[in-house]
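Working notes, beginning with the structure itself.
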Amino acid sequence: MEVSDNFQVLLNNPQLLPELKNVAEKVLHNQRITFDEGVLLYQKAELGYLGVLANYIREQKHGDKTYFNRNFHIEPTNLCVYDCKFCSYSRLLKQKSEGWEYTMEEMLDIVKKYDDQPVTEVHIVGGVLPQYDVAFYSELFTRIRRHRPDLHVKALTPVEYHYIFKKAKIDYATGMQMMKDAGLQSIPGGGAEIFHPEVRELISKDKCTGEQWLAIHEEWHKIGMRSNATMLYGHIEQFKHRVDHMERLRELQDRTGGFQTFIPLKFRNQDNQMSNVPESTVVEDLRNYAIARIYLDNFDHIKAYWAMISRTTAQLSLNFGVDDIDGTLDDTTKIYSMAGAEEQNPGMSTKELVELIKNAGRHPIERDTLYNVMTDYKDFQFADEVKPRYYKLPVIN
Ligand code: SF4
């Protein structure tokens, strides 16, 4: 790929620290950066520098292509046996009266509501309760697939799997094979938080460990299936913990190749036990996307949740390594809004999302869960105009 002018200017900058110049040379020559270099980027690299490197990698992998998918969420319950300090969602210890627990039939009714909608995926994740066990989820997956075979079932995280397999006294390999046989097609990236025990012990000590999270994904990959990975950043962790987190993912990906997408999740401090912890700045969010893009050289995609970080930051992120925006969803998910996300009613139509991506100078592509192209929107014309969510003011010269 041709080296951009920006990259050349950066390399020729006499004020650039030699160790940062060395990292830039590595990126230019498709070489992997080390753990210490990852920490160095967090400590010393400026936003502009990181943007040049991350965008170079992003465009090498995907050009201007920016992916999204059409999905909907089912959150079986917001009650949970665990008590993660950052969680704004669980209601077991706080206001149990605000909780919900969907039955099997209620969840199937949600699926049926989308029968005439062009969605390709149902994303199922929520709290952990004893009645949602191996038998329950096996039946749920089977019935969804039977009702709508073209709908991709992406469901549950190792937090739930570790809990239900332990209760059923089955090992991870057996359990994941049972889930696959029942109709599960991929697993989302949640529950990863920060793997390092120095942090995990403090923020979510009772649920699965980092090693167990990785082991469950590994078993899933071993049977030929795909998954995603997240990292909850911007709270009490140090930079070395973020790099350690990505290092463990990179190492597993080298062995299995089963991860598709890495999704950094910004810690939000509304209505949880860590409300005293300040949130990261937008600059830090963009730096974090960029460093993830640079560090995780064996991950195809970096995704931003627009509902969590705002539409504007999502647009900016497309220049800092992000090539995937999640997604067109209506208000079927409460996870972001309850944590204090920018969007309290996270709905965006396909037209709006396509315009958002085009206005950032990128090429929108609707994908399915496994990144097969559903619709290429590069030259697509919508019948009616998108209603902008801002006032058009006259330009005064
Ligand atoms: S983060 Fe997940 S596992 Fe932890 S308390 Fe909240 S719902 Fe439960």
Side-chain angles (χ1 to χ4, degrees), residues 73-102 107 123-134 136-137 140 154-168 172 175 179 187-217 227-237 241 245 263-277 279 305 307-308 326 331-341 346:
H73 291 235
I74 299 178
E75 291 163 5
T77 178
N78 69 340
L79 303 175
C80 188
V81 298
Y82 297 121
D83 184 27
C84 302
K85 304 293 175 238
F86 58 83
C87 185
S88 313
Y89 179 75
S90 166
R91 287 293 182 268
L92 187 59
L93 299 177
K94 296 185 273 179
Q95 307 93 337
K96 197 172 178 192
S97 58
E98 290 178 18
W100 68 81
E101 292 169 69
Y102 290 144
M107 288 191 240
H123 181 144
I124 306 171
V125 73
V128 178
L129 284 183
Q131 71 265 33
Y132 300 118
D133 58 9
V134 169
F136 183 94
Y137 280 125
L140 179 68
K154 181 169 88 178
L156 313 189
T157 72
V159 177
E160 288 104 327
Y161 290 125
H162 171 76
Y163 178 86
I164 66 177
F165 296 160
K166 197 169 160 203
K167 263 186 77 203
Y172 294 160
M179 294 295 115
I187 57 181
E193 325 313 356
I194 290 284
F195 293 141
H196 199 292
E198 280 173 9
V199 178
R200 202 172 184 86
E201 285 281 306
L202 296 174
I203 64 171
S204 55
K205 73 178 163 57
D206 296 323
K207 67 187 187 187
C208 71
T209 63
E211 289 75 19
Q212 288 163 339
W213 190 100
L214 290 159
I216 287 174
H217 280 263
S227 66
N228 294 337
T230 60
M231 172 174 76
L232 182 75
Y233 71 93
H235 42 91
I236 60 167
E237 87 287 2
H241 298 126
H245 190 93
I263 310 144
L265 295 176
K266 177 187 174 92
F267 163 72
R268 306 305 304 242
N269 65 8
Q270 186 175 299
D271 198 20
N272 59 39
Q273 296 171 66
M274 290 166 69
S275 294
N276 59 321
V277 178
E279 295 179 353
Y305 274 98
M308 182 54 108
D326 192 280
D331 61 0
T332 49
T333 177
K334 300 275 183 276
I335 289 177
Y336 315 127
S337 53
M338 289 169 82

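Ligands are counted one by one from 1 in listed order, and the atoms in each one are counted from 1 as well. Note that the structure is predicted; figures quoted are calculated from it, not measured.
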* To do: Decide if atom NZ of Lys167 counts as having more than 12 heavy atoms of other residues, nucleotides or ligands within a radius under 6.0 Å.
  => yes
* **Nearest atoms (heavy-atom pairs only) where Tyr132 meets Pro76** => OH-O, 3.4 Å
* How are the rings of Phe165 and Tyr172 set relative to one another: parallel (under 30°), tilted (30 to 60°) or perpendicular (over 60°)? ->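 Taking Tyr172 first and then Phe165, their aromatic rings sit tilted (interplane angle of 30° to 60°).
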* Under 2.8 Å from atom 4 (Fe) of ligand 1, protein N/O/S atom count? -> 1
* **Sequence-distant partners of Thr230, side chain to side chain contact (heavy atoms under 4.5 Å, CB included), two or more places apart** =>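 Side chain to side chain contact (heavy atoms under 4.5 Å, CB included) list for Thr230, sorted by chain: Ala192, Ile263, Leu265.
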* Report yes or no: does Asp206 contribute a side-chain atom to a donor-acceptor pair with the main-chain N or O of Tyr82 at less than 3.5 Å? => no
* Structure fact -> Quick note on ligand 1: atoms under 4.0 Å from a heavy atom of Phe86 include exactly 1 (S)
* How many angstroms lie between CZ in Phe86 and CG in Leu232, if you round to the nearest 0.5 Å? ->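 So the CZ of Phe86 and the CG of Leu232 are separated by 5.5 Å.
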